[in-house]
Number of protein chains: 2
Amino acid sequence: MEQLREMLKGHQLRTTTCREDVLSTFISKKNALSHGDLEGMLGENYDRVTIYRTLKTFLEKGIIHKVLDDEGLRYALCSQNCSEEKHQHDHIHFKCNECGETNCIENLHIPAVKLPEGYMPENFNLLIQGICPKCKS
Amino acid sequence: MEQLREMLKGHQLRTTTCREDVLSTFISKKNALSHGDLEGMLGENYDRVTIYRTLKTFLEKGIIHKVLDDEGLRYALCSQNCSEEKHQHDHIHFKCNECGETNCIENLHIPAVKLPEGYMPENFNLLIQGICPKCKS
DNA sequence: CATCAACATGCAACAGGGTTGCAAAATATT
DNA sequence: AATATTTTGCAACCCTGTTGCATGTTGATG
Ligand SMILES: [Mn+2]
Ligand SMILES: [Mn+2]
Ligand SMILES: [Zn+2]
Ligand SMILES: [Zn+2]
């Protein structure tokens with residue numbers, strides 16, 4: 001509980017119950033969450049818009065990062081110490097076609113790619129879809 | 001013109017002007033297009049819903065494939081001969097942060113990744129963002 | 001601990017993307 | 001030319017995400 005306050009303070013954010021709840025949800029669930037997921041879990045306590053703004057703030061401050069998959073947009077905790085200035089993410093995301101969960105695979109980096117002449121890459125985003133260990137029968 | 005009819009016929013699709021126009025737009029533009037893009041270009045001739053359904057049909061028949069980027073969903077022609085049964089795409093997509101265009105890089109394949117135990121990969125989707133050759137000053 | 005400026009929230013309202021049902025129109029087949 | 005089948009347009013709808021503004025909270029300060 002106190003840990004959450006510290007995390008928020010560390011990013012120059014005021015402590016509010018919505019921010020604490022959203023943050024602790026990300027910490028307890030390990031998988032990526034959409035706005036809709038959070039609304040489902042916290043929507044009785046907070047307005048939709050407040051949850052959106054919380055996500056937006058967390059994104060700007062480097063607390064969470066975007067995770068893209070074929071269904072849309074989700075968010076997951078930044079494991080490295082990201083900040084307002086620098087979001088660094090070159091890890092892989094895995095989406096399970098069975099349970100629908102999307103997870104960061106933190107310890108696995110995206111392999112280098114040799115692009116044709118003239119392309120200047122800045123960001124890499126690799127999504128792998130398949131069956132996750134939990135759903136492998 | 002006649003070529004379009006052949007392509008549609010080859011996928012067991014009736015020839016309609018909307019399908020011809022959408023298909024020829026994909027052929028002439030080289031980059032990935034969103035529904036909104038197509039609506040902007042053809043929206044005066046066809047209803048929004050018709051364009052949606054055309055995209056959905058093309059998707060199912062293996063004429064186009066989905067392209068994901070941080071702004072949402074786009075579509076691009078399948079270069080290989082995809083069909084209703086088999087969509088095969090392991091190429092890279094590049095989105096330019098300057099002009100906003102997203103393109104298939106057909107001749108470059110996604111490098112192999114060694115996932116942790118238990119993961120069974122089925123699909124790979126690599127999006128690289130940066131500056132494209134056209135926008136490189 | 002009371003005051004206050006800065007910030008966060010709820011509410012209402014809106015724009016956009018995407019979907020469905022159904023009647024009318026167009027297509028391919030005979 | 002007649003017909004069965006598919007496609008279209010329209011209206012209506014849901015979901016996601018955004019904005020403006022008045023009200024409520026937070027944390028810093030004296
Ligand atoms: Mn991640
Ligand atoms: Mn492609
Ligand atoms: Zn799973
Ligand atoms: Zn460009």
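Reminder, nothing fancy here: chain letters follow the sequence lines and each chain counts from 1. As the structure is a computational prediction, the values presented were derived from the model and not from experiment.
When each of C:dA8, D:dT8, D:dG20 is scored by its nearest atom to the side-chain atoms of A:R19, the top-ranked nucleotide is C:dA8. Nearest to the side-chain atoms of A:R14 among the listed nucleotides D:dT16, C:dT9, C:dA6 stands C:dA6.
Ring orientation note: the planes of B:Y119 and A:F94 are nearly perpendicular, at an angle over 60° on the 30°/60° scale.
A side-chain donor from one of A:N97 and B:E122 sits under 3.5 Å from a side-chain acceptor of the other. For the residue pair A:Y52 and A:D47, no side-chain donor N or O sits within less than 3.5 Å of a side-chain acceptor on the partner.
With hydrogens and angles ignored, the 3.5 Å screen pairs no side-chain donor or acceptor of A:H93 with any backbone N or O of A:L68.
Comparing A:T54 and B:Y52 by the nucleotide of DNA chain C whose heavy atom lies nearest to each, the residue mapping closer to the 5' end is A:T54. Projected onto DNA chain D by closest heavy-atom contact, B:V49 and A:T16 fall at different nucleotides, the more 5' of which corresponds to B:V49.
Between B:Y75 and B:H65, the gap from one ring centroid to the other reaches at least 6.0 Å.
Atoms CG (A:L73) and C1' (D:dC15) sit 14 Å apart, rounded to a whole Å. Whole-Å rounding puts the B:Y46 OH to C:dA24 P distance at 23 Å. Spacing between atom CD of A:E44 and atom P of C:dT9 amounts to 18 Å, rounded to whole angstrom units. If you measure from atom NZ of B:K56 to atom P of C:dG18, you get 12 Å, rounded to the nearest angstrom. Protein atom CD of A:E60 is 14 Å distant from nucleotide atom C1' of C:dC7, rounded to whole Å. Note: CG (B:L59) to C1' (C:dT19) measures 15 Å, nearest angstrom. Atom NE2 in B:H35 sits about 19 Å away from atom P in D:dT16, given to the nearest Å. The separation between A:D47 atom CG and C:dC11 atom P is 6 Å, rounded to whole Å.
Side-chain atoms of B:R53 stay outside donor-acceptor range of the base of C:dG18, with no qualifying N/O pair under 3.5 Å. For D:dG9, the base has no donor-acceptor partner in the side chain of B:R48 [N/O atoms by modelled type, under 3.5 angstrom].
A sub-4.0 Å separation between OP1 or OP2 of C:dA28 and a side-chain N or O of B:T15 is present.
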